[in-house]
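Reminder, nothing fancy here: chain letters follow the sequence lines and each chain counts from 1. Predicted, not measured: the structure shown is a model, and the values here were computed from it. Worth knowing before you read on, the calculation uses all heavy atoms, side chains too, and leaves out hydrogens, waters and symmetry mates.
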Protein chains: 2
Amino acid sequence: MLSQTVSSNMLKPANAKHTIRCQDCRIKQLCLPVMLAESEIAHLDTIVHRGRPVNKGQHLIQAGDEFSGVFAVRSGSIKTYTVSIDGLEQITGFYLPGEIIGFDAISSGVYPGFAKALETSAVCEIPFSRLEQLAAEIPGLQHQIFRTMSQEIVKDQDLMLQLNKKSAEQRFGSFLVNLSFRFGRRGLSSQRFRLPMARSDISNYLGLAVETISRLIAQLQDEGLVSIQKREVEILDMHNLSKLAGTNCHN
Amino acid sequence: MLSQTVSSNMLKPANAKHTIRCQDCRIKQLCLPVMLAESEIAHLDTIVHRGRPVNKGQHLIQAGDEFSGVFAVRSGSIKTYTVSIDGLEQITGFYLPGEIIGFDAISSGVYPGFAKALETSAVCEIPFSRLEQLAAEIPGLQHQIFRTMSQEIVKDQDLMLQLNKKSAEQRFGSFLVNLSFRFGRRGLSSQRFRLPMARSDISNYLGLAVETISRLIAQLQDEGLVSIQKREVEILDMHNLSKLAGTNCHN
DNA sequence: ACAGGTTATTGATCTGGGTTAAAAACGCTG
DNA sequence: CAGCGTTTTTAACCCAGATCAATAACCTGT
């Protein structure tokens, strides 16, 4: 498994990327600029760092790194995970374009977990001290940061309920429904999509064994709810899948 | 709000409560005023509503209520819980003096869960729109809100790991260590304390059966790590209890 | 202080999903 | 396009903790 930090491996020229502004960003309505005026977005844009794309398997954040800022996913997908003292890994989230990583680091000043690219991904770094300054000047921005953090809390609490009270089938069903919803919001098909993560990531996230995920896929296919070939998912019966999952749409 | 019998359990006359200001609050260094200047605390104080104490079993928040503000616990303890579509309850947290409830409601504008007093408790309501205004004016306050919300995220992610990867014994051990730590920070003994919640609340929170909690208590007592009579806890061997728990101190 | 309800403990049994094992299907890389 | 590590699937067995059942301790109001 490759596991290098961002430094080498720069395949693409940075210049083209560098010219993308928040104002023109395809996903600005899913990201911090939501509800900001054009001029305010332009202001936000000035503090955003757009680095090179992060390759699959590369770490965007290492646990223990000093907190510098939050990261907005522009394209691709990122997984975040924490590691307990005894070495157990727990995936805490999968982040899609428009979603923001790193709010958990504010309280301690240190990133409490890791962030790793599931595929080649573009991310924007937003230095937090400058974001705070700007938030004090732009009420809509401050509010959006609060909203985003609040959403993260709701997401985590929802997952907590899943893990504590739901069966393996329900957890996996919810997971698919939630992903479907999030792809849909990004203008992609919510019927057909590609899982950006491995089975082992899904199982880790949901607190199940990899084998259980395989069994559940077979089971949901038998029931005619979904069709999954490798990582390609097709949802055949969203209604009943949602019902099974508890009609949940967390996040 | 209804006026109820205040006879029992009220050591101080009601008027005294009403006059308590943030500046004089015993727990201001655990609450939003942390790191604010005296004048800033005074400013914050002007927007805080201090209602009557909430009695044991009373709801402070009902799921679905329109979001008005966040609540700081001044004394006593509060549990928060969500209820899934199929009626399953999941306790999402236990809040002690200085801790703040309601950040999960910002994103949707509606409280997503319930908050119920575990014992007679005093809470301060802080209207959120006014808090936002003030946060834009007082950088330290804005930062403290971010820190508090971030802490909530870390707490939830930590619990997620507990629930997914740890054994029943480790979960319960962590729970005790965490409570001990939090009581200690509040100037109470971290060796001896009283559990504010029922066994069933603990089991629900940790994703276990009530019976399992009873058995774990018996087990930890046999191992000489703790002594628990009813709700009175004495931690006899913090070192080994922490080790068993994974030396975690979540929150 | 006692009746009736709630909460806690203890014991016996059951089961969902973990664990182990091994084969099958990928997907690199040279 | 062959060889090899990785990921996924399938199958057989097992166990931590749930569930069921019954008793005991406890409030709380009258």
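Phosphate contact (OP1/OP2 of D:dA18, side-chain N/O of B:Thr212, threshold under 4.0 Å): present.
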> Can you check side chain to side chain contact (heavy atoms under 4.5 Å, CB included) on A:Leu220 and A:Leu244, steps first, answer last?
Replying inline: CA-CA 10 Å; A:Leu220 291 183; A:Leu244 172 146; 4.3 Å; yes
> Going through the distances and angles, do A:Arg194 and A:Glu232 end up as a salt bridge (Lys or Arg N to Asp or Glu O under 4.0 Å)?
Replying inline: CA-CA 5 Å; A:Arg194 183 180 170 76; A:Glu232 296 298 333; 3.0 Å; yes
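Here the side chains of B:Asp201 and B:Phe94 are in contact, with some heavy-atom distance below 4.5 Å.
Remark: P of C:dT10 and CG of B:Asp222 are 9 Å apart, rounded to the nearest angstrom. In this structure, B:Arg199 places its CZ atom 11 Å from P of C:dT10, rounding to the nearest Å. The separation between A:Leu163 atom CG and C:dG17 atom P is 12 Å, rounded to whole Å. In this structure, A:Gln221 atom CD and D:dT9 atom C1' are separated by 12 Å, rounded to whole Å. Computed from coordinates, the A:Glu232 CD to D:dT8 P distance equals 13 Å when rounded to whole Å. Between the CD atom of A:Gln219 and the C1' atom of C:dG17 there is a distance of 12 Å, rounded to whole Å. In this structure, the CD atom of A:Glu211 is 18 Å from the P atom of C:dG16, given to the nearest Å. If you take CG of B:Leu118 and C1' of C:dT7, they are 15 Å apart, rounded to a whole angstrom.
At the heavy-atom level, A:Ala209 lies under 4.0 Å from base atoms of the strands shown. If you check every strand for non-hydrogen atoms under 4.0 Å, B:Ile213 touches nothing.
Here D:dT9 is the nucleotide among C:dT9, D:dA18, D:dT9 with the atom lying nearest to any side-chain atom of A:Ile217. Closest to the A:Lys230 side chain, of the nucleotides D:dT8, C:dA8, C:dT10, is D:dT8.
The pair B:Arg186-B:Glu99 meets the salt-bridge criterion, since a charged nitrogen lies less than 4.0 angstrom from a carboxylate oxygen.
Each of B:Leu208 and B:Lys56 was assigned the nucleotide of DNA chain D with the nearest heavy atom; the assignment lying further toward the 5' end belongs to B:Leu208. Toward the 5' end of DNA chain C, the nearer of the two residues B:Val210 and A:Gly207, judged by each one's closest nucleotide, is B:Val210.
In terms of modelled atom types and a separation under 3.5 Å, the side chain of B:Ser150 and the main chain of A:Ser107 share a donor-acceptor contact.
The base of C:dG11 lies close enough to the side chain of B:Arg215 for a donor and an acceptor atom to sit less than 3.5 Å apart.
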